[in-house]
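The figures that follow rest on heavy atoms only: side chains count, while hydrogens, waters and symmetry mates do not. We count ligands from 1, going down the list as the structure has it; atoms in each ligand are counted the same way.
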Amino acid sequence: MEDNKQYDENQIQVLEGLEAVRKRPGMYIGSTSIRGLHHLVYEIVDNSIDEAVAGACSEITVILNKDGSVSVQDNGRGIPPHIHKTGKPTPEVVFTVLHAGGKFGGSGYVISGGLHGVGASVVNALSEWLYYKNCRDGKCYTQKFSRGHVIEEYTCKGDTDKTGLYVRFMPDATIFEDVNFDYDVLLNRMREQAFLNAGVRIILRDERGEEPVENVLHYEGGITSFVSHLNSIKHCELIHQDVIYMKSQNGVSTAEIAMQYNDTYSETIMTFANNINTIEGGMHETGFKTALTKVINEYGKKYGFIKEKDNDLKGEDTREGLTAVVSVKLQDAQFEGQTKSKLGNSEMRTMVYNLVTTKLSEYFEENPAVARAILEKTLAASRAREAARKAREASRRKGALDGASLPGKLWDCQEKRIDVTELYLVEGNSAGGSAKGARDSRYQAILPLRGKVLNVEKSRLDKVYSNQQLLPIIQAIGCGIGDDFDMAKLRYGKIIIMADADVDGSHIQILLLTFFFRHMKKLIEDGHIYLAMPPLYKVFKGKTERYAFSDEERDAIIEELGGERVEAERYKGLGEMDPEQLWETTMDPTRRTLKLVTIEDALLCDEVFSLLMGDQVEPRREFIEANAKYVSNLDI
Ligand code: 28F
């Protein structure tokens, strides 16, 4: 009697829980866009990764099936099959109760967890159907659900000598805007997870096309391999051959660091907490940076690289050309910040700081040639910073950066309030002219860009300050760069890159994004940088005119207009549109489409940037062929 009552209450709670997930999916998986869709896979794979972290699983297979569903199989221990205190089998509880599983409150079970750490029940709630097969203690059990409801009871399917969990699910098309998984996005994530969990083999297979595609991701070297990989895709020269690796353990917490310098001028530091990419950094990152600066300065002074009279190297000097991965695992990780991707646990700052001060100084003592190469790189960075400061002051003396002087080519707007002002950076003079004719001069400013933009990946700050294309951009935007950056001086709320949809246009777009990413990152972080989306085609039949922004859209419009006597002529450039067309399609806030550039776009682009901007032609060609969708039409 009592038991039944309890069972009913549990049942009601379960259904309410899963209903809440279906009502507000964004709360649990971020969004219902393609990103949210990919999250479903991460949530399931994360549970297998948890098993791997517990030392109980060595292989995970992820398959994109022809019917649009996804299967994930691991060779872990499987879920304990006993009846849970709720009266239901534990596997059913894992798939139906919000927040069930070892992630929450389990002792000694080091958590991984997706961004939201909500697990299998959320995926179940958001799946048209979900099936699992759980093998453990000599038996296999299966169960099937639909939108979180049990549709096939927990059944024993026979004996086995294997253990592990198999899950197959079909994302609910009534919930997601898009149910087409992007293989490359999943591949990136699976590769990252394989790097972060040394030795785990992740097999990713796409069976949707004619020919199956498969990648096996398995790195005995873990984050050391990760750093090698990051440097290899930059196609740069290395400052020292071996990746430096350090690790420490403190109770159940671990901290690991891998680092290697290259000859570029930019830094790539990726930080993770419980396998989650902490894009906003946090305590572990702070501990790393502080310790790195201290160790390099101390070594430099001890061995005479830095003299009495010299200033200390600044943090940024010690990170020029550095590629590093910092990965910590801990219990009760606290994620803070706007996107909950900043680690708040201060004990991790101490742990990483202690690891680097001890182990890196030891490494330097034992490898003086490497230490010397790194010291020379950081001293060169420091001299360049000094030169940049002088160049900046020279520009400032000429009044170039004080905000009072605006570039001559700028057609400014009347408004000053940044919640309404927009700056269009327009490729080419003729397009600039059209844009000037098209704009609403009350709040839209135009800055035409002539010729190629400086490649900041290959040049230090001093060059940036004295560059004839970048200086007008810096002046117009008003908030300065680098150390001088001051958001309060921003002159436009939206900075919109408007380039042709062709070879030169893509190139200019990438160069400008590189510039913003490296020198005005905050503008991207705070959502001020946009891409204008000019149409690719005009389709017309008699007097009807329609614009198309992709080949598919063009074909759809042609079909809609009835096929016959319909013409479509591709725009060769923005300059070809008259002001009225440009206004209608690309600049009128009520009709245009703008693409917001996010820091994740920029991070994805980072690989592309590095490659496009490096000098080695052959790998660039290979890479661009493989990544055509990010850099369509690029001439190499
Ligand atoms: C394809 C997705 O989800 N694998 C999983 C395990 C293993 C354990 C577990 C999972 C225990 C008490 C719930 C086994 N033995 N793959 C997966 N593998 N869940 S999910 O435990 C779940 C919790 O309540 C497991 C000992 N401890 C944990």
Run the side-chain donor-acceptor check on residues 241-254: report pairs under 3.5 Å with partners two or more places apart or on a different chain.
{"unit_1": "Tyr245", "atom_1": "OH", "unit_2": "Glu256", "atom_2": "OE1", "d": "2.5"}

Which option, Asp74, Thr61, Asn47, owns the non-hydrogen atom nearest atom 16 (N) of ligand 1? Asp74

Proximal ligand 1 atoms for [X], defined as those under 4.0 Å from one of its heavy atoms:
X	value
Ile79	10 (C), 19 (N), 20 (S)
Ile44	1 (C), 2 (C)
Val72	1 (C)
Val167	1 (C)

Taking only Lys NZ, Arg NE, NH1 and NH2, and the carboxylate oxygens of Asp or Glu, determine whether [X] and [Y] approach each other closer than 4.0 Å.
X	Y	value
Lys139	Asp137	no
Arg319	Glu267	yes
Arg205	Glu214	yes
Glu59	Arg201	yes

Non-hydrogen atoms of [X] versus ligand 1: any pair closer than 4.0 Å?
X	answer
Gly78	yes
Ser48	yes
His84	no

Scan residues 15-34 for pairs that pass salt bridge (Lys or Arg N to Asp or Glu O under 4.0 Å), counting only residues two or more places apart or in two chains. Arg22-Asp172

Can the positive tip of Lys521 be found less than 6.0 Å from the middle of the six-membered ring of Phe517, inside 45° of the ring normal? yes

Checking contacts here: is it the side chain or the backbone of Arg136 that comes within 4.0 Å of ligand 1, counting heavy atoms only? Could be both or neither. side chain

